[in-house]
Number of protein chains: 2
Amino acid sequence: MHKTSLQQALQQAETNCRASGSRLTEKRRHILQLLLESDTPLSAYELAARYQEQFHDNIPAMSVYRMLDFLVSETLAHKLNSTNKYIACSHIACDHAHEVPQFLICDNCHQVKEIGISKAIIDALDKSVKQAGYVLTQPQIELHCLCAACSRAA
Amino acid sequence: MHKTSLQQALQQAETNCRASGSRLTEKRRHILQLLLESDTPLSAYELAARYQEQFHDNIPAMSVYRMLDFLVSETLAHKLNSTNKYIACSHIACDHAHEVPQFLICDNCHQVKEIGISKAIIDALDKSVKQAGYVLTQPQIELHCLCAACSRAA
DNA sequence: TCACAAAATGATATGTTATATCATTACTAT
DNA sequence: ATAGTAATGATATAACATATCATTTTGTGA
Ligand SMILES: [Zn+2]
Ligand SMILES: [Zn+2]
Ligand SMILES: [Zn+2]
Ligand SMILES: [Zn+2]
């Protein structure tokens, strides 16, 4: 992520939190920054290590988990359930409401692409879930793939 | 799962393994049985505990992982990546080839329904993945829901 | 049948992810 | 200033997973 868009995202995160009456503290902001700067999803423990390196401040993993919970609750970050790692939301600076996310996870280089679930998929999912008598609660989808670069190399 | 269908599933598992040239050992069969008898997905450690209770034989978690890997590779069981638990395949006794699975996971009672992904969903996923330049590798989908009973109770 | 090789399992150690709980610090508002 | 709330720290422990080497079991062919 480029410096300008990093700054933009952080600023927008600030604005969003202010609007929702929550506090984007320095440490939470730093965690978000680490996520924004990373090419790949990070675990809580990896974040704690990077925090030490980059901000020269020791931060317990416990606290990182809490900050991640906060960021996720503000839709500034997402948790990938299939890999137990976290990524910054790709749409922090967008003005539209956050859609139901679909994550394409490259199993080779671990890059992740976050896209909105298309209407066609939502409709189809909805139908199959309804037929089974179920009600969707958190319709986040994680698909394991190879990205363009990695599939060419393979 | 009823006793007759349990026996049927175990027998079919035996047949399938024989056909694929692999060995459904007693312990592997017991692990599969525990999965078949369970209403909800189980972790490797939970399986080790139940193994002790039911078969009065101590089995290290390490070994359970290996047996689960075997069962998964034979499509006799599935791993739910979003919960780190395992379930028996619902279609062991079916004669058709195993489809790409879609799991509906009740976040309240933890029951799981395994259904085949509909053509509509596959097409839609395929399209969105392709548009992003990605190639699907393991198109298993896990959706977090409330089951019919739990959604009525809520 | 015996010897050998391959497959499966056991034993041990360690790494990784996550939660529970209580203490302390920082912020907010009266 | 003081009290209440939110955030963070510290510590312990639980839960999930892998690596590696030893041992046992099984299948195969001389
Ligand atoms: Zn997002
Ligand atoms: Zn890649
Ligand atoms: Zn199945
Ligand atoms: Zn339920």
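Reminder, nothing fancy here: chain letters follow the sequence lines and each chain counts from 1.
Among residues at least two apart or in separate chains, ring pair (Phe, Tyr, Trp, His ring centres under 6.0 Å) pairs with a member in residues 48-67 of chain A are A:H30-A:Y51, A:H30-A:F55, A:Y51-A:F55. Screening residues 37-61 of chain A for salt bridge (charged side-chain N to carboxylate O under 4.0 Å, His left out), with sequence neighbours left out, gives A:K27-A:D57, A:E46-A:K85. Sorted by first and then second residue, the pairs that involve residues 115-135 of chain B and meet salt bridge (charged side-chain N to carboxylate O under 4.0 Å, His left out), not counting sequence neighbours, are B:K119-B:D123, B:D126-B:K130.
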Output side-chain donor-acceptor pairs under 3.5 Å for residues 92-106 of chain B, partner residues at least two apart or in another chain, one line each.
from: B:H98; atom 1: NE2; to: B:H78; atom 2: NE2; distance (Å): 3.1
from: B:H98; atom 1: NE2; to: B:E114; atom 2: OE2; distance (Å): 2.9
from: B:Q102; atom 1: NE2; to: A:S128; atom 2: OG; distance (Å): 3.1

Please tabulate, for the side chains in residues 139-153 of chain B, all donor-acceptor contacts under 3.5 angstrom to protein atoms that are two or more places apart in sequence or on a different chain.
from: B:Q140; atom 1: NE2; to: B:K79; atom 2: O; distance (Å): 2.9
from: B:Q140; atom 1: NE2; to: B:E142; atom 2: OE2; distance (Å): 2.8
from: B:E142; atom 1: OE1; to: B:N81; atom 2: N; distance (Å): 3.2
from: B:E142; atom 1: OE1; to: B:S82; atom 2: N; distance (Å): 2.8
from: B:E142; atom 1: OE1; to: B:S82; atom 2: OG; distance (Å): 2.5
from: B:E142; atom 1: OE2; to: B:N81; atom 2: N; distance (Å): 2.7
from: B:H144; atom 1: ND1; to: B:D107; atom 2: OD1; distance (Å): 2.7
from: B:H144; atom 1: NE2; to: B:S82; atom 2: OG; distance (Å): 2.9
from: B:S151; atom 1: OG; to: B:C147; atom 2: O; distance (Å): 3.1
from: B:S151; atom 1: OG; to: B:A148; atom 2: O; distance (Å): 3.0

Collect all protein-nucleotide pairs involving nucleotides 22-24 of chain D in which both atoms are nitrogen or oxygen and the distance is under 3.5 Å.
none

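With A:S22 contributing its side chain and A:R18 its backbone, the two residues share no donor-acceptor pair below 3.5 Å. Remark: the backbone N or O of A:R23 is paired with a side-chain donor or acceptor of A:R28 at under 3.5 angstrom.
Both A:L47 and A:I59 are assigned to one and the same hydrophobic cluster, defined by single-linkage of ILVMFWY side chains at heavy-atom distances under 4.5 Å. Grouping the Ile, Leu, Val, Met, Phe, Trp and Tyr side chains by contacts below 4.5 angstrom, directly or via other members, places B:I121 with B:Y134.
Shown for residues 22-37 of chain A: residues whose heavy atoms fall under 4.0 angstrom of DNA chain C, namely A:R23. Listed by residue number, A:K79, A:N84, A:K85 are the residues of residues 77-89 of chain A with a heavy-atom contact under 4.0 Å to DNA chain C. The stretch residues 38-64 of chain B touches DNA chain C through B:I59, B:P60, B:M62, B:S63, each having a heavy atom within less than 4.0 Å of the strand.
Residues forming a side chain to side chain contact (heavy atoms under 4.5 Å, CB included) with B:A120 (at least two apart in sequence, or on another chain): A:A124, B:S118. Legend: residues meeting side chain to side chain donor-acceptor pair (under 3.5 Å) with A:N108, ordered by chain and number and at least two apart, are absent.
Minimum interatomic distance between A:C17 and A:L76 (heavy atoms only, all atoms of both residues): SG-CD1, 3.9 Å.
Using a 4.5 Å cut-off on side-chain heavy atoms (C-beta onward), B:L24 and B:F70 make contact.
Between chain A and DNA chain C, the heavy-atom contact criterion of under 4.0 Å yields a 5' to 3' nucleotide range of C:dT17 to C:dT28.
Checked against B:R29 for a side chain to side chain contact (heavy atoms under 4.5 Å, CB included), the options B:L71, B:L10, B:L34 give a single hit: B:L10.
Residue-environment remark: CD (A:Q11) stays at or below the threshold of 12 foreign heavy atoms within 6.0 Å.
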